[in-house]
Protein chains: 2
Amino acid sequence: MKSLIQEGTLMSLKRLAVSDDQRVVVREVLSRLGDRWSVRVIYHTAGDPIRFSELKRKIDRINPISARVLTRTLKQLEKDGLVYRQVYPIIPPRVEYSLTELGRRFLELAMEIIDWSIENQHDFEAARREFEAQAVPQ
Amino acid sequence: MKSLIQEGTLMSLKRLAVSDDQRVVVREVLSRLGDRWSVRVIYHTAGDPIRFSELKRKIDRINPISARVLTRTLKQLEKDGLVYRQVYPIIPPRVEYSLTELGRRFLELAMEIIDWSIENQHDFEAARREFEAQAVPQ
DNA sequence: CAGAATCCGTCATGATACTG
DNA sequence: CAGTATCATGACGGATTCTG
């Protein structure tokens, strides 16, 4: 299994090292995983098309998000091609968000990591405890 | 395939929503993917145990990293249980870094996403071009 | 309803110099 | 060799107020 990692990663890094454009895309995608809201927004956009306010309300239930941040996150995701934004030019305005195919696959990959994190929760917590037991016993 | 996503993600979100601790762990792992250096450091730590300076030199070849940032990144990864730090109490000091089992699996998952990003590079670039063509035509 | 505008605090990153 | 200390900065996130 060690060789599996090393061969796989070496191939990836070669490809990663070749082109600047590729490094930019990778950085972009990993950033979406790492920022505070993108994954959560994408998750709540996975079902039927959802309006701005409803999306905000759903997210607020778990963790409050400001309109400004939700707007910025959605705009970024739209630019990345992960989210589709449909505008109905009526009054009052109606805007619906949904996932693109790219967005759906992104969510699947994100979920793999999320599930893995939860499965290994205790290992992570044990590592942290041990680290803090060693460091600066004062 | 839609139901696949929705069932899978719903299960994950339920688990995600239940416990605060679980949300913390998930946030932690996703942050490691999203920050600028962790994945790169983990990649270069995947082979034989590697010393601080050699690690720095390898990373520098692609993108220069300051000693301060490399130190901080390594310490964080050690605290997360992804990297193992072996100290030899000799003079001059010798410190070797290697991956834990948790770190190896993390790298595999990260590589899935990296490979996917590269495979879909053109879709991402097309989405960005289209977005910028629409926005603010001035 | 779906944002935009403004202002502000925090954290990650980074350059530079120093040390056991 | 393997870091630490100090200082600076820019992006991200957030609260509040306003609008077509």
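Throughout, a chain's letter reflects where its sequence line sits, starting with A, and its residues are numbered from 1.
- Candidate nucleotides C:dC1, C:dG3, C:dT13 were compared by shortest atom distance to the side chain of B:Val69, and C:dT13 ranks first.
- A salt bridge does not link A:Glu108 with A:Arg104: none of the charged nitrogens is closer than 4.0 Å to a carboxylate oxygen.
- Judged purely by atom type and a 3.5 angstrom limit, B:Thr100 uses its side chain to pair as donor or acceptor with the backbone of B:Leu82.
- Within the structure, every side-chain polar atom (N or O) of A:Ser66 is placed at least 4.0 Å from both OP1 and OP2 of D:dA15.
- Nucleic acid contact for A:Tyr97: sugar-phosphate only, since backbone atoms but no base atoms lie under 4.0 Å from a heavy atom of the residue.
- Residue B:Trp37 has no polar side-chain atom (N or O) positioned under 4.0 Å from OP1 or OP2 of C:dA12.
- Within the nucleic acid shown, A:Arg72 comes within 4.0 Å of sugar-phosphate atoms alone, with no base atom in reach, counting heavy atoms only.
- A:Phe52 has its CZ atom 11 Å from the P atom of C:dC1, to the nearest Å.
- Between B:Arg36 atom CZ and C:dG14 atom P there is a gap of 4 Å when expressed in whole angstrom units.
- Across D:dG14, C:dC1, D:dA2, the shortest atom-to-atom separation from the side chain of B:Pro93 is found for D:dA2.
- Remark: A:Arg51 is not in phosphate contact with C:dG3, judged by side-chain N or O atoms under 4.0 Å from OP1 or OP2.
- For the pair A:Asp35 CG and D:dG14 C1', the interatomic distance rounds to 14 Å; values are reported in whole Å.
- As a whole-Å value, the separation of A:Arg94 CZ from C:dC1 P is 11 Å.
- Here the C1' atom of nucleotide D:dA2 and the CG atom of B:Leu55 are 12 Å apart, to the nearest Å.
- Protein atom CG of B:Leu70 is 14 Å distant from nucleotide atom P of C:dA15, rounded to whole Å.
- Closest contact between the side chain of A:Ala67 and the listed nucleotides C:dG3, C:dC1, D:dG3 involves C:dG3.
- The CD atom of A:Glu54 sits 17 Å away from the C1' atom of C:dG3 (whole-angstrom rounding).
- Between the side chains of B:Gln134 and B:Glu130, no donor-acceptor pair is found at a separation under 3.5 Å.
- Here the side chain of A:Pro92 is nearest to one of C:dG3, D:dC1, C:dC1, namely C:dC1.
- Using a cut-off of 4.0 Å between Lys/Arg side-chain N and Asp/Glu carboxylate O, A:Asp20 and A:Arg23 are scored as salt-bridged.
- Contact annotation: side chain of B:Arg68 to base of D:dT6, donor-acceptor pair present below 3.5 Å.
- No more than 12 heavy atoms of other residues, nucleotides or ligands sit less than 6.0 Å from atom CD1 of A:Ile91.
- Atom-to-atom, NZ of A:Lys75 to P of C:dG3 comes out at 6 Å; the value is rounded to the nearest Å.
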